[in-house]
Amino acid sequence: MAATCSSDAGVEVNDISIPAFAGAGVSNLHTGPSGTVYLTYCAAGTADGERALWLARLRPDAAAWDEPTMVVGTPLLMENWADFPSLTVGTDGQLWAQWFQRPPEEGKRGYSGWFARSADDGRTWTTPAPLGHEFVTLAPLPGGRVLAAWLESLRIPKDQRVPGAATMELRARLLGPAGETLRDWVVDPDVCTCCNTRLVPLAGGGAIVVYRGRTPEEIRDNLYAVFDGETWSPPQTLHDDGWLIPGCPVNGPAVDARNRLAATVWFTAAEGVARVQAKLSYDRGSTFGDAIPVDLGRPMGRVDLAMLEDGTSVVTWMELGSETNRAGIHARRLFPDGRLSSPVLLAESTQARASGFPRIAVREGTRIVMTHTEEGETTRVRTSLFDVSSLDPKRSPELVARAASGSSLDFCTSEDGAASHP
């Protein structure tokens, strides 16, 4: 690995080489229970005219990715800068991969989600099956089950649409270990049309989903809903930004959770002011505290968040650069008491859609793996590793509040700002 960036806060960012082909993109990450980090990305397949979803693994003690293996190859593979494949690992060890395909009919528009499972760490996969429509996200649940959430178009013809009426809803499906459908829900009947969703498991067998909502008046703030293992809570507004926008900003929120603690981050441009903000919950996502400002003043959004074992979170986002079309991928460490570290620049990027959404995953301890798409004459997947142990809280937040009075914490913070189990 070669160091590619050293921030003024002392964070060294090191490249992790990967034999990804030129033209690769839309990469994503997931950390499995064993500590292996899984990388998925799209690139050329093994047959002419074929594109493929590839999988690589970064084992706990490895310095480089394993040789990538193909999950699926098809000329119908759909690659979208904002709506990209994902992978999760079930509690029974199965790998679940999810991607998108165009319809096989000539001239038919649109796309839909597909998935497959692997019981042998990705060497072989089940026959692909349909799953969802757009912006699918997966979370493992006890018993080898997997919960999926996605945006589903109501498919109302344009000439029949009523101004202000819903055109997209948030759905969820509970899948059994064999991929069978156990139950379906409509979580929210009216949501924003093309913002990322994020679903993560909660302690006790539940899950929380965050997404961008929509009102008939075109307010598109971020919402969340909690699954208790049996039913979904009514959607709740994550923060009352009041962003009035008549179209989708293609900029969804992120969330992660551990024990009773959950953290979320989102982008808004309400009243013409772009912001990236975060919130903490101390009761498994039932309630969230006040907004914590994260950005440097010129955020683009494209946020991500990963929670470490000590209860701190790493937040990443993209900020506009000083030169035309330039941007930077930045990070901060968010502590369980609401304090933030100083920001660090992880990588240079561009504002183009082709640069995609940077994604992060915890490797072990305070080490984080990041992937992003390098945009140039052709796109290329980049992966890197950095350690956030040097990112200490530097200031007290102006807007931090405990969630519910008397709610207990599974994490505490010492005087030097390091979080630990009580």
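- Here the straight-line distance linking atom CH2 of W96 with atom CG of L131 works out to 8.5 Å at 0.5 Å rounding.
- Counting heavy atoms from C-beta outward, L174 and R145 have side chains that approach closer than 4.5 Å.
- Checking D121 against Y38 by side-chain atom types alone, a donor-acceptor pair falls below 3.5 Å.
- Counting heavy atoms from C-beta outward, T264 and L305 have side chains that stay 4.5 Å or more apart.
- With hydrogens and angles left out, the side-chain atoms of S390 and D392 include no donor and acceptor closer than 3.5 Å.
- One finds the CG atom of N14 at 8.5 Å from the OG atom of S384 (value rounded to the nearest 0.5 Å).
- Between S342 and L391 the shortest side-chain heavy-atom distance does not fall below 4.5 Å.
- Between T316 and the options I368, V276, V265, L346, a side chain to side chain contact (heavy atoms under 4.5 Å, CB included) holds for only L346.
- Between H133 and W150, some side-chain heavy-atom pair lies under the 4.5 Å cut-off.
- Taking each heavy atom of I245 and P249 in turn, the nearest pair found is CD1-CB, 4.2 Å.
- A 4.5 Å side-chain heavy-atom check between W243 and F267 finds at least one atom pair inside the cut-off.
- The main-chain N or O of M307 is found under 3.5 Å from a side-chain atom of D256 such that the two form a donor-acceptor pair.
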Take S86 and N28 through the test side-chain hydrogen bond (donor to acceptor under 3.5 Å, both in side chains) and record every step on the way to the result. CA-CA 6 Å; S86 63; N28 207 348; 5.0 Å; no
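- To the nearest 0.5 Å, atoms CD (Q277) and CG (L238) are separated by 9.5 Å.
- In this structure the side chain of T88 reaches within 4.5 angstrom of the side chain of H30, judged on heavy atoms.
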When you look at R302 and S355, which way does the side chain to side chain contact (heavy atoms under 4.5 Å, CB included) test go after all the steps? CA-CA 10 Å; R302 304 191 195 183; S355 65; 3.0 Å; yes
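- Under the 3.5 Å distance criterion, the side-chain polar atoms of N259 are left unmatched by any main-chain donor or acceptor of L261.
- In summary, D15 and R382 engage in a salt bridge, as defined by a charged side-chain N under 4.0 Å from a carboxylate O.
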Could you walk me through whether L154 and E169 satisfy the side chain to side chain contact (heavy atoms under 4.5 Å, CB included) test, starting with their C-alpha distance in whole Å, then the side-chain angles of each, then the deciding distance to 0.1 Å, before giving a yes or no? CA-CA 7 Å; L154 300 181; E169 61 188 13; 3.5 Å; yes
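- The heavy-atom pair separating L58 from A62 by the smallest distance is CD1-O, 4.0 Å.
- Taking the centre of each ring, F227 and W185 come in below the 6.0 Å mark.
- Judged by distance alone, the side chain of D92 and the main-chain N or O of G143 form no donor-acceptor pair under 3.5 Å.
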Applying side chain to side chain contact (heavy atoms under 4.5 Å, CB included) to C194 and F135, what does each step give before you reach the verdict? CA-CA 7 Å; C194 47; F135 296 95; 3.6 Å; yes
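- More than 12 heavy atoms of other residues, nucleotides or ligands sit less than 6.0 Å from atom CG of D184.
- When all heavy atoms of A263 and L280 are compared, the closest pair comes out as CB-CD2, 3.7 Å.
- A salt bridge (Lys or Arg N to Asp or Glu O under 4.0 Å) with D190 holds for exactly one of R214, R212, R220; it is R214.
- Rounded to the nearest 0.5 Å, atoms OG1 (T197) and CG (L151) are 5.5 Å apart.
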D188/R171 under salt bridge (Lys or Arg N to Asp or Glu O under 4.0 Å): CA gap, chis, key distance, verdict: CA-CA 7 Å; D188 191 327; R171 293 188 183 180; over 6 Å; no
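- Side chains of M78 and Q101 form no contact here, defined as non-hydrogen atoms less than 4.5 Å apart.
- Side-chain N or O atoms of R332 include none that pairs as donor or acceptor with a backbone N or O of V314 at under 3.5 Å.
- If you look at F357 and W81, their ring centroids are closer than 6.0 Å.
- A donor-acceptor contact shorter than 3.5 Å links the side chain of T383 to the backbone of I16.
- Of the possible polar contacts, none joining the S349 side chain to the G328 backbone as a donor-acceptor pair under 3.5 Å is found.
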Going through the distances and angles, do F100 and W114 end up as a ring pair (Phe, Tyr, Trp, His ring centres under 6.0 Å)? CA-CA 6 Å; F100 301 96; W114 291 74; over 10 Å; no
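- Judged by distance alone, the side chain of R155 and the main-chain N or O of S153 form a donor-acceptor pair under 3.5 Å.
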Does the pair W266 and D241 meet the rule for a side-chain hydrogen bond (donor to acceptor under 3.5 Å, both in side chains), with working shown? CA-CA 11 Å; W266 73 96; D241 292 310; 2.9 Å; yes
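- Here the side chains of H330 and M318 are not in contact, with every heavy-atom distance at 4.5 Å or above.
- Aromatic ring centres of Y224 and F288 lie closer together than 6.0 Å.
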Using side chain to side chain contact (heavy atoms under 4.5 Å, CB included), reason through T69 and R57 one step at a time and then give a plain yes or no. CA-CA 9 Å; T69 57; R57 303 158 194 80; 3.5 Å; yes
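- Checked by atom type, the side-chain pair T312/R333 shows a donor-acceptor distance below 3.5 Å.
- Closest non-hydrogen pair, R326 versus T350, comes out as NH1-CG2, 3.2 Å.
- In the model, W317 has no side-chain atom that pairs as donor or acceptor with a side-chain atom of D304 under 3.5 Å.
- Nearest heavy-atom pair, M168 versus E134, reported as atom, atom and distance to 0.1 Å: CE-OE1, 3.9 Å.
- At distances below 3.5 Å, not a single donor-acceptor pair connects side-chain atoms of T181 with backbone N or O atoms of L175.
- The closest donor-acceptor contact from the side chain of R102 to the backbone of L77 lies under 3.5 Å.
- For the atom pair CD1 (I360) and NE2 (H372), the distance works out to 13.5 Å, reported to the nearest 0.5 Å.
- The existence of a salt bridge linking R284 and D228 is excluded, since no basic side-chain nitrogen approaches an acidic carboxylate oxygen closer than 4.0 Å.
- Residue P235 comes nearest to A225 through the heavy atom pair CA-CB, 4.4 Å, listed as atom of the first residue, atom of the second, then distance.
- A salt bridge is absent between E319 and R298; no separation between the charged side-chain nitrogens and carboxylate oxygens falls under 4.0 Å.
- Separating the CZ atom in R363 from the CZ atom in R59 is a distance of 11.5 Å, to the nearest 0.5 Å.
- Between the side chain of Y111 and the backbone N or O of E79, no donor-acceptor pair lies under 3.5 Å.
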